[in-house]
Amino acid sequence: MNIYADSRMLSKGLIGGTVSRHAGNMRQTANQNNVFGKLDVPQDKMLRFHQTHSDRIIRIASDADALSRISRPEQDADAWVFSCGGWGGVIQTADCVPLFLWDETADVFALAHCGWRGVAAQLPYKTVLAMKEAGAHGAIYAWAGPHIQSCCFEVQEDAARQFSECSVIYKEGKIFVDLNAEISLQLRLAGLNAADIKTPYYCTCGDKENFFSWRRDHIRQNLLSFIYKP
Ligand SMILES: [Zn+2]
């Protein structure tokens, strides 16, 4: 099991990242809990939601907020914004972008499930705004975990039209979208410094050894991403 994570985030005391496929299919909660057990992350503090490729954000600002969510994992949403410690959030992906965000002190931190529909609905931008409303201060940092990269993310014309020109690549009669470019654009518009946005090139579709990919395999197998502050 490999965990892909940003050292800047870990150095702020946050625990999290994206777990390679060796840990199993994360559609099964038992597999998630095995990972948390190995990392000494308390599994009863990890919150879940039902992902729908929307721009809906759940904010957790207190123990009461968290407790009100923990019994409702079926609730629809696609991003977590935390402004209290002691809790964490889970998302599942198989080509979509797990986008990690945290502020200068890591008092406010977020994890968003950004499929292309979520990106087109401005979820990265809206998540930063929600962080600011939750009290984020100083610089906000971003890291995009493993997802389908522009090498493999071929789209049709109607999908391409929903993105900025700078994120669309025309090559040999095909159309590709660079989700990193689109997300970076939104994050800069939301006030992040370009130097604070990291988008490493791990392609879920191209790297079968480490990642599940819906586009590649058409099998319902998901990777786990999580963020947690003790
Ligand atoms: Zn690829």
Side-chain angles (χ1 to χ4, degrees), residues 1-9 16-27 31 35 51-54 78-79 90-101 111-125 127 141-188 192 194-227:
M1 168 176 108
N2 306 317
I3 300 182
Y4 298 80
D6 187 322
S7 57
R8 299 171 304 166
M9 184 183 95
T18 300
V19 182
S20 68
R21 66 180 289 173
H22 309 100
N25 182 0
M26 292 302 163
R27 293 172 67 86
N31 286 338
V35 172
Q51 301 170 180
T52 62
H53 298 278
S54 71
D78 285 280
V90 167
I91 64 166
Q92 296 178 40
T93 62
D95 290 337
C96 295
V97 185
L99 180 64
F100 296 78
L101 297 151
L111 176 58
H113 161 250
C114 302
W116 73 262
R117 286 183 184 82
V119 175
Q122 310 282 310
L123 181 59
Y125 180 84
T127 303
Y141 301 87
W143 186 78
H147 61 276
I148 191 166
Q149 303 284 344
S150 57
C151 45
C152 296
F153 192 32
E154 185 184 353
V155 301
Q156 301 301 313
E157 187 80 52
D158 57 337
R161 266 197 297 272
Q162 307 201 38
F163 296 97
S164 320
E165 256 173 58
C166 65
S167 312
V168 180
I169 301 160
Y170 294 89
K171 201 169 84 182
E172 294 160 4
K174 297 176 178 174
I175 312 173
F176 300 86
V177 166
D178 181 349
L179 290 170
N180 288 327
E182 189 73 17
I183 289 170
S184 297
L185 179 66
Q186 289 184 27
L187 295 178
R188 293 202 309 277
L192 272 71
D196 295 335
I197 303 166
K198 296 220 167 132
T199 57
Y201 207 93
Y202 298 115
C203 183
T204 47
C205 189
D207 182 350
K208 189 167 184 172
E209 191 186 325
N210 286 301
F211 305 119
F212 295 128
S213 168
W214 172 255
R215 175 68 66 112
R216 182 188 65 226
D217 296 330
H218 293 281
I219 301 171
R220 295 193 174 278
Q221 294 176 313
N222 286 343
L223 301 167
L224 170 72
S225 291
F226 69 99
I227 195 165

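In what follows, residues are counted from 1 in the order of the sequence shown. Just follow the structure's listing: the first ligand is 1, and inside any ligand the first atom is 1.
One N or O on the side chain of R216 and one on the backbone of C205 form a donor-acceptor pair closer than 3.5 Å.
Between A142 and L101, the shortest heavy-atom contact is CB-CD2, 3.4 Å.
Residue P146 forms a side-chain contact (heavy atoms from CB on, under 4.5 Å) with just one option from V97, T18, V19, and that option is T18.
Between the side chains of D95 and S213, a donor-acceptor pair is found at a separation under 3.5 Å.
Annotation: Y202, atom OH; neighbour count of heavy atoms from other residues, nucleotides and ligands within 6.0 Å does not exceed 12.
At least one side-chain heavy atom of Y4 sits less than 4.5 Å from a side-chain heavy atom of N210.
Atoms of the protein (N, O or S only) found under 2.8 Å from the Zn ion (ligand 1) are C151 SG, C152 SG, C203 SG.
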